[in-house]
Amino acid sequence: MRNHCPCNCHIIPPFVVDKLKEAGVEIPSQKTINREFRERRDEKNALLRSEAFLVTPPIKNADRFVYDSKTTQHQRLLLVRKEGGPAAPDAVVNTVYENAAAVRDYYKTALNYFSVDNRGADLILNVHFGKEYANAFWDGDEMTFGDGDGQVFTNLANALDVTAHELTHGVVQYTANLTYKGQSGALNEHYADVFGSVIKQHAKKQTAATADWLIGDEIMGPTLQGQALRSMKAPGTAYNNALMGQDPQPDHMSKLYKGAADNGGVHINSGIPNKVFFLVATAIGTDKAALLWFETLKTLKPTTNFKSFKTALLKIAKKLTTAGNVPATTETVTKQSFESVGL
Amino acid sequence: MKLSYAREGGLFFQVSETEIEVEDLPADLQTLARKLLENPDDYRSREKNASLRDGYQYRLELREGRKKVNLTFDDLTLPDGFQPLIQYLQEKAINDH
Ligand SMILES: [Zn+2]
């Protein structure tokens, strides 16, 4: 959120300012934040372009930093917990801290990938963003969670699949960097849902058969229990209520959304590849399917569409089968799963 | 003077829209809306964050006679001081719905 006031003052509520001062926090002006943000990004971009980065990549430790936005729309406002530090008095802070570790550890252990950039970048998590802000997002550098409106959504920082979803947007950014519109955008959303569900299943010690395959079911408001944001098993059935309307996700190419909303349906058409992942995971196991999907992600172009995604997955399926990393049936199962959604 | 508002996006994709006569806004928000119409460049967001995933996009349109001002923000480019206006319009959009 930017400050356009010529005096460079803040609109952070006075009680928050007092609390921050008590905690010894010097509140940077928004101009300072913007400058620092630009400098950080410039440094990072320069580094990414440098030869030194390619030869000897700097390795960080994927340390977690949790900040409290104190219901303002400012990020990195008050650092409330950092890697290895004591637990915070705020349960939401501790939950997001633990969930970020679960995501980081799954990527490292199961997929040999370290943090969002495979170079151990810090994991920045902002909680209590905005007033009754019923959303969470990845902004290119960090994750941000609202408290929810208490009606449709409760606190978005409390759900492991939501944290895994947002962090995976970071992973996608540093790998295939799938363009966020149309089918490549739907694949971007698809990957975020895939690892949201995979990491939730892993944490709950579930299998493809015992998992519910729902995304966001743990953040639904009190009157929406049992519903969710999306269903990977049965796209289009996650919700149907007066507050949210009806789940618009297609489960087959014949129902592909072709409109302009949502960047050409990135959160809508992700239902089609989501269904494919569910079918493959059910046949070969969630972790094997996750490995296949992740190894494929590293080979995708930003403009990949559903058809070229299928081709890429089949190519990697063959490779992984030959290496003995996935079951012999993987290629056939993947092909049949795509065919069942009209691809 | 008419003010149109739209919020689009989110992890759960949703479009919220509403329209209001500026005279019907609370006094402090009327002042803000008038400032916006008079000096839109003071508030215009400088750059779009192409890396934003699941964030909201906010659109405000002000019309008075022939004069029309369009502004677009996201969660991180929303100017300070706009939160009460956005909250008011968002609540109205939900109630309209
Ligand atoms: Zn997303």
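Just so it is clear, the model here is predicted, and its values are computed rather than measured. Letters go in sequence order (proteins before strands), and every chain restarts at 1.
Of all the heavy atoms in D262(A) and E8(B), the pair that sits closest is N-OE2, 3.6 Å. Here the closest non-hydrogen pair linking Y56(B) and A134(A) is OH-O, 3.3 Å. Closest non-hydrogen pair, R230(A) versus L11(B), comes out as NH1-O, 3.0 Å.
Residue A192(A): no heavy atom, backbone or side chain, is found under 4.5 Å from chain B. Contacts between N188(A) and chain B at a heavy-atom distance below 4.5 Å involve the side chain alone, from C-beta outward. Within the 4.5 angstrom heavy-atom criterion, only backbone atoms of L243(A) (N, CA, C, O) approach chain B. For E132(A), no part sits under 4.5 Å from any heavy atom of chain B, backbone or side chain.
Expressed to the nearest 0.5 Å, how far CG of L76(B) lies from CG of D141(A) amounts to 10.0 Å. In this structure, Q151(A) CD and I94(B) CD1 are separated by 7.5 Å, a value rounded to the nearest 0.5 Å. Here the straight-line distance linking atom CG of N135(A) with atom CZ of R7(B) works out to 7.0 Å at 0.5 Å rounding. Here N263(A) contributes atom CG and Q57(B) contributes atom CD; the two are 7.5 Å apart, rounded to the nearest 0.5 Å. With rounding to the nearest 0.5 angstrom, the NZ atom of K131(A) is 15.0 Å from the CD atom of Q90(B). Taking OG1 from T71(A) and CD from Q83(B), the interatomic distance works out to 7.0 Å, rounded to the nearest 0.5 Å.
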Discussion item. One pair to check against side chain to side chain contact (heavy atoms under 4.5 Å, CB included): F137(A) and D74(B). What are the steps and the verdict?
Written reply: CA-CA 11 Å; F137(A) 60 87; D74(B) 62 37; over 6 Å; no

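K92(B) NZ: more than 12 foreign heavy atoms inside a 6.0 Å radius. Atom NZ of K35(B) is surrounded by 12 or fewer heavy atoms from other residues, nucleotides or ligands within 6.0 Å.
Side-chain atoms of D54(B) and Y180(A), non-hydrogen and from C-beta on, do get closer than 4.5 Å to each other. Using a 4.5 Å cut-off on side-chain heavy atoms (C-beta onward), R53(B) and V266(A) make no contact. D75(B) is listed as a side-chain neighbour of F129(A), based on a closest heavy-atom distance under 4.5 Å.
In this structure, F12(B) and F153(A) have perpendicular ring planes: the angle between them is above 60°, well past the 30° mark.
Of the listed residues G9(B), G10(B), G55(B), the one with more heavy-atom pairs under 4.5 angstrom with chain A than any other is G10(B).
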